Structures are given as C-alpha cells and as structure tokens.
Amino acid sequence: MSSTLYLASLVFLALAPMTIAVPVEQDTFTATKQCVELEVSVPVNVTTYDYNIPRVDSNIDAAHWTVNYTTWSARDDTLARDKKVLVNSTFAINAQLCVPPNGAPKADILQIATQGRGFDKRYWDVEIRPEEYSYLDAAINKGYSVLTFDMIGTGKSSKPNAYTTIQLEVEVEILAALTELARNGNLIKSSKVLSATSDEVAVTNFQPSQVVHIGHSYGSFVMAGMLQKYGSISDGAILTGFYLTNQLGTIDVGHFNHEFARDHDPQRFGAYESGYIVLTSESTLQELFLRKDGFEPELLTYLEAIKQPEGVGLYPSGDSAMLLPADDFTGPVMFFAGEFDYPGCHGDCRGIYNETLSRGLFPSAIDPKPYLQPNTGHAMTFATNASAGYEVIMHYLDCHGL
Ligand SMILES: *[C@@H]1O[C@H](CO)[C@@H](O)[C@H](O)[C@H]1NC(C)=O
Ligand SMILES: *[C@@H]1O[C@H](CO)[C@@H](O)[C@H](O)[C@H]1NC(C)=O
Ligand SMILES: *[C@@H]1O[C@H](CO)[C@@H](O)[C@H](O)[C@H]1NC(C)=O
Ligand SMILES: *[C@@H]1O[C@H](CO)[C@@H](O)[C@H](O)[C@H]1NC(C)=O
Ligand SMILES: *[C@@H]1O[C@H](CO)[C@@H](O)[C@H](O)[C@H]1NC(C)=O
C-alpha cells in the first residue's frame, strides 16, 4: 500500500459544552439524548518510531515538510523501524457519551466513533441543521448509545509531541482502552465528568452489551489497526472514507496546503507546539472533503470554523495500518464511501472496489459490504443527503442484529 496516504481525519472537538439535544421530529419516536462530557485518563505504553521528519516551526517549514514528505527519494519509513521510541504516558481524552431515552431499542449497543485528520469529534455532530447532518443524532434517534472523543492533538484532549507521540500506534491503544473501559462498565468511573445535559445518573452505570466501531478516514485506519491487534473487542465495524481500491494512497498530502498551526491562527491554535500543521483555506478543505453540488456552502464555512491541527507524525505512521489482517475480528464490516471521494479513491470510487484487499484485511469478517453514497466527496457528514447515508449504515447494522 502506498506510503503517502492522505486520509482526512475529522475530529469532533469537544469545545462545545454538552450539546443540548435538538429533538428531531420523527414518525413516532422523538429522542432526547442525554450526554456527559468526560475527561478520561488513558494510560498508554507502546512503541512508536522516530521517522526522520523535518521539524515544523513556521509556515516555511510546513511547506518544506509537504515537499519533503512527498519527495520520491526522501522517505524510507522501513529504516525508521529501527529507531524505536517508548511512549509511556497517560493522556487526558475529552470524550462525550450520549444515551437515548430509557427504553430505546438499542440503548445497550454502543457506537464508538473515530473521526479523521483535521477534525475533532464534531465531525459526528455537525451543529448546522443537525437533523440532516448529525450522525450522533441519527444514531440516538435509532436508539443507539454513542461515544465520541477528541483524538490526541485535537479538541480538548492532550496535545503531546507531534513527531513521536502523534502516531497510529498510540491512537490504536487509546481507542482500545476507551472500548475496554466502556465494555467493562468503567467509563464514567474512570473519568472526570465535566458537564452533563441533564440526568447524569442515567449513564453512571452504563455498560453496553455490544460495541460497534465507526471510523472516518484516518479514524478508519486507527480502527483497522485496533482490529488487527484486538479484533475481539468489536462486534461490528463501519469504515467510512476508507474504500479498498488500488487508488487508495495515490493522492498524497502534496495536493493540500498546510501551514504551521500556531502561525496560521494564533488565537485558535496558540497552544499547539512544534510539528502541528493545519489545512489553510476553504478551498483546500473543499478539494479534500467535498463534492461540488453535493454540499451547501454554509457547511464549508462551518468546516473552516471547526478544522483542527494534525501532528506530522500521523503521516508516516498511518501507513502501517494497512499491513496485517484482522484475523480475530469476526463481526460484520461495511466500507462506506462517497462516490467521488478525492483522497480516498483519487476522485472516483465507482467500479474499483477490490475484494481481494478487503478479504486480505478482514479475513474472518462476515458480510463485507462496500457502499457508495451518491454525489458525495470524502466527508460524508458534511454532504447533502447525509442522513440518507446514515440510514444505509444503520440498516446494515440492524440486519446483523446490531
Ligand atoms: C511497557 O511495555 C514494555 C514493552 O512492551 C514492557 O516491558 C513494560 O513492562 C511495560 N510497562 C508497563 C508499566 O506496563
Ligand atoms: C527530508 O527531511 C529529512 C529530515 O530533515 C532529511 O534528512 C532529508 O534529507 C530530507 N530529504 C530531502 C530530499 O530533502
Ligand atoms: C512507565 O510509566 C510508569 C508510570 O508513570 C512508570 O512507573 C514506569 O517506570 C515507566 N516505565 C518506563 C520504562 O519508562
Ligand atoms: C486487487 O489488489 C491486488 C493487490 O494490490 C491486486 O493484485 C489485484 O490486481 C487487484 N484486483 C483488481 C481487480 O484490481
Ligand atoms: C441519497 O442517499 C440515498 C442512500 O444512499 C440514495 O439511495 C439516494 O439515491 C440519494 N439521493 C440522491 C439525490 O443522491
């Protein structure tokens, strides 16, 4: 698999206090979600790698990093595998657990959502017309519980070393740890509750009977990495913005402009240190995430307003997710992509899904299912007709008893 995958990650930033539920008119069932915002302490002890990444401390460095990373002769990440770094720290992860009203049909099924690069957890809970765009609200309205979180280096979570700590191996451990805490009913106990919409008691003893993982883009890579290592902790996997084709990885980061986050916007990103970059403009966000006539301009403005920095260490480490089969994952798996995903499929996903690649990565999964969402780019939650796509995803889960 190519070394220069650019998988946009949307991290849903938990800047917002608990989102107050905006109940959506449904046929019969109007869900009012209850949410708690948590700071979860997650200890991690894992090996990462010292890739030979040029330092990024200015906009000039950021442009140079892009060129260096995409120069054909510059990178041999296999060499870095000799230069190990031990990451042995506890991270503060800002997370949000939402549960549907009592008696909802799937309240004991927890969906854990992991967004891609460039986003925080708001990727899953778009605040503009949430009845159309919020995946979180759509899942709650189907009666699921949902856990979202800011990946390290985004939102309100820890912002560690961008070179050696912001790497896939660390993200995998964090996702696995959050999953274990939830499965064992220890999530709330292990967290500081920062705020709550209402009756926090309803979630205090929350313990799901089943866990479904959903990812977007880089978040799908993190999921794939987790399922390779800990396949049995998931009952179902939805990988979005991650379509297994021979075009995967052919659009690299050289197509998208980044600047040094702190210089790009000192007010928003003043807390970000060396090695954190951010997408520069609405134009570059559009190229990466959206399809003309498949999004409302207001959503592009919103996307610019909530975009998040990326640690440069993500880039070389992300590729490693493609290497091994997830032998122990035996649940259903869906590959859901926008029909015209630019970074995912080099602009056109039609007719190129590669079953050999899918079987190679998920040899034990049941019913691997590719699905293309019409007239949609890379970021499904920002696309017109998003909610019809959510129906497809949740119908697939429902068909598998989830
Ligand atoms: C951390 O991982 C290393 C290598 O896997 C292991 O030897 C060590 O015991 C672990 N330390 C802790 C505190 O878990
Ligand atoms: C890329 O950056 C690394 C680290 O600074 C450096 O060792 C390498 O020579 C650079 N490659 C090119 C082609 O500039
Ligand atoms: C890892 O962290 C733990 C807890 O802080 C500490 O006790 C241990 O010595 C550390 N291990 C290494 C190898 O640094
Ligand atoms: C699927 O991918 C494999 C591995 O890259 C390749 O050998 C094969 O030719 C591809 N099949 C199709 C139909 O593109
Ligand atoms: C909206 O999405 C649904 C589900 O994928 C699809 O069946 C429908 O054709 C889409 N509508 C348009 C106008 O693209």
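Counting from 1, the numbers follow the sequence of the chain as shown. None of the values given here were measured: they were computed from a predicted structure.
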Candidate list Phe382, Tyr135, Phe149, test ring pair (Phe, Tyr, Trp, His ring centres under 6.0 Å), partner Trp124, passing option | Tyr135

Between Ser145 and Asp108, is there a donor-acceptor pair closer than 3.5 Å when you use the side chain of the first and the backbone of the second?
-> no

For the pair Arg129 and Glu296, evaluate salt bridge (charged side-chain N to carboxylate O under 4.0 Å, His left out) and give the outcome as yes or no after the intermediate values.
-> CA-CA 11 Å; Arg129 283 187 289 294; Glu296 299 179 86; 2.8 Å; yes

For Pro160 and Tyr276, work out which heavy atoms get closest and say how close.
-> O-OH, 2.7 Å

Taking all heavy atoms of Gly270 and all of Arg262, pick out the closest pair and write down the distance.
-> O-CD, 3.4 Å

Taking every heavy atom of Asn375 against every heavy atom of Asp293, the minimum-distance pair comes out as ND2-O, 3.2 Å

Any sub-3.5 Å donor-acceptor pair from Ser364's side-chain atoms to Asp327's backbone N or O?
-> yes

Keeping the roles fixed (side chain from Ser158, backbone from Ile152), state whether a donor-acceptor pair exists under 3.5 Å.
-> no

CG-NZ distance between Asp50 and Lys84, expressed to the nearest 0.5 angstrom = 13.0 Å

Donor-acceptor under 3.5 Å (Thr381 side chain, Tyr133 main chain) | no

Salt bridge (Lys or Arg N to Asp or Glu O under 4.0 Å) partners of Asp328, counting only residues at least two apart = none

Between the side chains of His213 and Thr114, does any donor sit under 3.5 Å from an acceptor?
-> no

Kindly indicate, with the supporting measurements, whether the criterion side-chain contact (heavy atoms from CB on, under 4.5 Å) is fulfilled by Leu290 and Leu285.
-> CA-CA 8 Å; Leu290 302 171; Leu285 291 164; over 6 Å; no

Is there a side-chain contact between Val222 and Met151, using heavy atoms and a 4.5 Å cut-off?
-> yes

Return yes if a side-chain donor-acceptor contact under 3.5 Å exists between Tyr302 and Glu127, otherwise no.
-> yes

Start with the C-alpha gap between Leu299 and Ile128, add the side-chain angles, then the distance that decides, and say whether side-chain contact (heavy atoms from CB on, under 4.5 Å) holds.
-> CA-CA 7 Å; Leu299 272 286; Ile128 309 226; 4.1 Å; yes

For the pair Lys156 and Glu39, find out whether any cationic side-chain nitrogen is under 4.0 Å from an anionic carboxylate oxygen.
-> no

Inter- and intrachain pairs under salt bridge (charged side-chain N to carboxylate O under 4.0 Å, His left out), touching residues 231-246, at least two apart = Arg183-Asp235

Decide side-chain contact (heavy atoms from CB on, under 4.5 Å) for Arg291 and Asp341; before the verdict, give the C-alpha distance in whole Å, the side-chain angles of both, and the deciding distance to 0.1 Å.
-> CA-CA 8 Å; Arg291 163 92 177 161; Asp341 185 327; over 6 Å; no

Would a distance-only check, ignoring hydrogens and angles, find a side-chain to backbone donor-acceptor pair under 3.5 Å from Thr197 to Gln34?
-> no

If every non-hydrogen atom of Phe206 is compared with every non-hydrogen atom of Ala107, which pair is closest and at what distance?
-> CE1-O, 3.6 Å

Rounding to 0.5 Å, atoms OG1 (Thr356) and CG (Leu361) come to a distance of 11.5 Å

Gap separating the NZ atom of Lys307 from the CG atom of Asp265, nearest 0.5 angstrom | 7.5 Å

Looking at CD1 of Ile277 and CG of Asp61, how far apart are the two atoms once the value is rounded to the nearest 0.5 Å?
-> 11.5 Å

Given Asp125 and Ser134, is the side-chain hydrogen bond (donor to acceptor under 3.5 Å, both in side chains) satisfied, shown in steps?
-> CA-CA 4 Å; Asp125 197 15; Ser134 169; 2.6 Å; yes

Decide side-chain contact (heavy atoms from CB on, under 4.5 Å) for Asn45 and Leu86; before the verdict, give the C-alpha distance in whole Å, the side-chain angles of both, and the deciding distance to 0.1 Å.
-> CA-CA 7 Å; Asn45 176 34; Leu86 176 66; 3.3 Å; yes

Got a sec, which residues hit ring pair (Phe, Tyr, Trp, His ring centres under 6.0 Å) with Tyr163, two or more places apart in sequence or on another chain?
-> none

Pair Glu259, Thr280: side-chain N/O donor-acceptor within cut-off below 3.5 Å | no

Please assess Ser387 against Glu132 for the test side-chain hydrogen bond (donor to acceptor under 3.5 Å, both in side chains), listing each intermediate value before the final yes or no.
-> CA-CA 5 Å; Ser387 58; Glu132 170 56 30; 2.9 Å; yes

Has the side chain of Ser358 got a donor or acceptor atom that lies under 3.5 Å from a matching backbone atom of Asn354?
-> no

Name the one of Leu110, Thr179, Leu38 that satisfies side-chain contact (heavy atoms from CB on, under 4.5 Å) with Leu187?
-> Leu38

With sequence neighbours left out, the residues meeting salt bridge (Lys or Arg N to Asp or Glu O under 4.0 Å) with Asp367 are none

Compare every heavy atom of Tyr144 with every heavy atom of Leu402, then report the nearest pair and how far apart it is.
-> O-OH, 3.1 Å

Do the side-chain N and O atoms of Glu310 and Tyr315 include a donor-acceptor pair separated by under 3.5 angstrom?
-> yes

Take Glu304 and Arg268 through the salt bridge (charged side-chain N to carboxylate O under 4.0 Å, His left out) test and state the conclusion after the steps.
-> CA-CA 12 Å; Glu304 165 64 32; Arg268 263 204 278 179; 3.3 Å; yes

What residues, two or more places apart in sequence or in another chain, satisfy salt bridge (Lys or Arg N to Asp or Glu O under 4.0 Å) together with Asp398?
-> Lys106

Might you work through the ring pair (Phe, Tyr, Trp, His ring centres under 6.0 Å) test for His264 and His258, ending with a clear yes or no?
-> CA-CA 9 Å; His264 174 74; His258 285 86; 10.0 Å; no

Full working for side-chain hydrogen bond (donor to acceptor under 3.5 Å, both in side chains) between Gln373 and Tyr390 | CA-CA 10 Å; Gln373 176 66 2; Tyr390 306 159; over 6 Å; no

Least distance between heavy atoms, Ser191 atom then Val40 atom = OG-CG2, 3.5 Å

Donor-acceptor contact below 3.5 Å, side chain Thr376 vs main chain Glu339 | no

Would you confirm whether Lys229, through its side chain, and Val172, through its main-chain N or O, come within 3.5 Å as a donor-acceptor pair?
-> no

Return the set of residues passing side chain to side chain donor-acceptor pair (under 3.5 Å) with Asp263 (not counting sequence neighbours), or none when no residue passes.
-> none

Between Asp137 and Lys33, is the closest basic N to carboxylate O distance under 4.0 Å?
-> yes

Any donor-acceptor pair under 3.5 Å linking the side chain of Thr90 with the backbone of Ser41?
-> no

Can you name the one residue among Phe335, Phe340, Tyr353, Tyr342 that meets ring pair (Phe, Tyr, Trp, His ring centres under 6.0 Å) with Tyr243?
-> Tyr353

Is it true that a side-chain atom of His255 and a backbone atom of Asp252 form a donor plus acceptor pair closer than 3.5 Å?
-> yes

Interatomic distance, CG@Leu147 vs CD1@Ile214, rounded to 0.5 Å, equals 13.0 Å

